[in-house]
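Here is the structure we will look at, set down as structure tokens.
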Amino acid sequence: MKELVEVIAKALVENPAAVVVTEREEGNTIYIELKVAPEDMGKVIGRQGRIAKALRSVVKASAARDDKKTVVDIIQ
């Protein structure tokens with residue numbers, strides 16, 4: 001999951017070197033934190049959160065194959 005989020009985020013932002021993705025697993029839930037540069041927050045979130053919602057949907061679909069739940073947080 002971490003690699004998937006990282007590839008998608010780096011494709012969206014202008015400063016891909018600032019993208020940091022951390023992942024931890026508790027039970028059957030995977031928590032993913034995505035950090036980007038402050039000037040790239042709008043690009044990752046999108047208008048009315050559409051890109052963030054799409055990112056979460058892709059990760060959720062990928063995790064469903066393994067019967068896992070995912071939580072994706074976008075932080076500064």
Side-chain angles (χ1 to χ4, degrees):
M1 298 303 142
K2 178 181 175 181
E3 295 81 17
L4 176 64
V5 173
E6 192 169 350
V7 168
I8 293 171
K10 284 185 178 183
L12 293 171
V13 299
E14 286 188 27
N15 187 3
V19 173
V20 177
V21 181
T22 57
E23 177 182 79
R24 63 183 163 85
E25 191 169 342
E26 294 179 10
N28 71 338
T29 304
I30 300 171
Y31 295 93
I32 300 170
E33 287 185 348
L34 171 61
K35 293 182 186 179
V36 295
E39 61 271 9
D40 289 329
M41 282 297 278
K43 291 182 172 115
V44 174
I45 295 172
R47 289 191 179 192
Q48 298 180 350
R50 287 190 181 116
I51 293 175
K53 188 175 181 180
L55 176 66
R56 290 182 176 115
S57 295
V58 168
V59 172
K60 183 179 179 180
S62 179
R65 291 182 297 153
D66 300 329
D67 292 327
K68 301 276 185 178
K69 293 182 181 182
T70 57
V71 176
V72 178
D73 290 327
I74 302 169
I75 56 177
Q76 272 186 333

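These values consider heavy atoms only, across backbone and side chains, with no hydrogens, waters or symmetry-generated copies. Computed from a predicted model, the values in this text were never measured in an experiment.
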Any side-chain heavy-atom pair from Asn28 and Asp67 closer than 4.5 angstrom? no
Compare every heavy atom of [Y] with every heavy atom of [X], then report the nearest pair and how far apart it is.
X	Y	value
Met41	Ile75	SD-O, 4.1 Å
Leu34	Ala9	CD1-CB, 3.7 Å
Glu23	Lys2	OE2-N, 3.2 Å
Ala52	Ile74	CB-CD1, 3.7 Å

Here the gap from Leu55 atom CG to Arg50 atom CZ, rounded to the nearest 0.5 Å, amounts to 16.0 Å
Contacts of Arg24 meeting side chain to side chain donor-acceptor pair (under 3.5 Å) (sequence neighbours excluded), chain-then-number -> Glu26
What's the verdict on side-chain contact (heavy atoms from CB on, under 4.5 Å) for Val59 and Ile30, showing C-alpha distance, side-chain angles and the deciding distance? CA-CA 10 Å; Val59 172; Ile30 300 171; over 6 Å; no
Could you check whether any side-chain N or O of Ser57 sits under 3.5 Å from a backbone N or O of Lys53, counting only pairs where one atom can act as donor and the other as acceptor?
yes
field: Within 6.0 Å of NZ in Lys68, more than 12 heavy atoms from elsewhere
entry: yes
Throw together a table of side-chain donor-acceptor distances under 3.5 angstrom for residues 15-22, partners on residues two or more places apart or in other chains.
none

Is Tyr31 linked to Val44 within one hydrophobic cluster, defined over Ile, Leu, Val, Met, Phe, Trp and Tyr using a side-chain heavy-atom separation of less than 4.5 Å?
no
* Show the numbers, then the answer: is there a side-chain contact (heavy atoms from CB on, under 4.5 Å) between Thr70 and Arg56? => CA-CA 8 Å; Thr70 57; Arg56 290 182 176 115; over 6 Å; no
(request) Take Lys43 and Glu14, measure what side-chain contact (heavy atoms from CB on, under 4.5 Å) needs, and give me the verdict at the end. (result) CA-CA 9 Å; Lys43 291 182 172 115; Glu14 286 188 27; 2.6 Å; yes
